[in-house]
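This one's a predicted model, so the numbers in the text were calculated from it and none came from an experiment. Along the sequence shown, residues are numbered consecutively beginning with 1.
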Amino acid sequence: MSNSSKENLLNFRNPRSAGILVFYAGRPQPGVLVYNNRTRESATSDEKGRYTIAVRKNDILVFEKSGFENAHKKVGTMPTVNVALTTKN
């Protein structure tokens, strides 16, 4: 990735994509609903636990899947956000 591409990725005046890995017990989790709390845009993780969604700095991403606790992650300055799910008690 060129330096200008990295700069554009981290330019929060414009939406960017966050690459997300969703795990449980060290394994990728497909079928996790992820939505941006600000825009209500949503995506679903693929078979490798990955997805892409438009975000801005300080947006909150919400992760939902049946049988698991909902997770909330604040978007920072990095282009990736990883989350580990926990089962409901």
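One hydrophobic cluster holds both F63 and Y24 under the rule that ILVMFWY side chains link at heavy-atom gaps under 4.5 Å. Linking Ile, Leu, Val, Met, Phe, Trp and Tyr whenever their side-chain heavy atoms come within less than 4.5 Å puts V32 and F68 in one cluster.
The minimum heavy-atom distance linking L33 with S42 is given by the pair CD1-CB, 3.9 Å. Contact between V81 and K73 at its shortest, heavy atoms only, is CG1-CB, 4.0 Å. Contact detail for V83 and A71: the closest heavy-atom pair is CG2-CB, 3.7 Å. Closest of all the heavy-atom pairs between K65 and P30 is NZ-O, 2.8 Å. The shortest heavy-atom contact between S45 and Q29 is OG-O, 2.7 Å.
Here the CD-CG distance, from E69 to L85, works out to 10.0 Å after rounding to the nearest 0.5 Å. Taking CG from D59 and CG from N36, the interatomic distance works out to 4.0 Å, rounded to the nearest 0.5 Å. Taking CG of N58 as the start and CG of N37 as the end, the distance is 13.0 Å to the nearest 0.5 Å.
Residues satisfying the side chain to side chain donor-acceptor pair (under 3.5 Å) criterion with N70, sequence neighbours excluded, are absent altogether.
A donor-acceptor pair under 3.5 Å is absent between the side-chain atoms of K88 and the main chain of S66, judged by distance alone.
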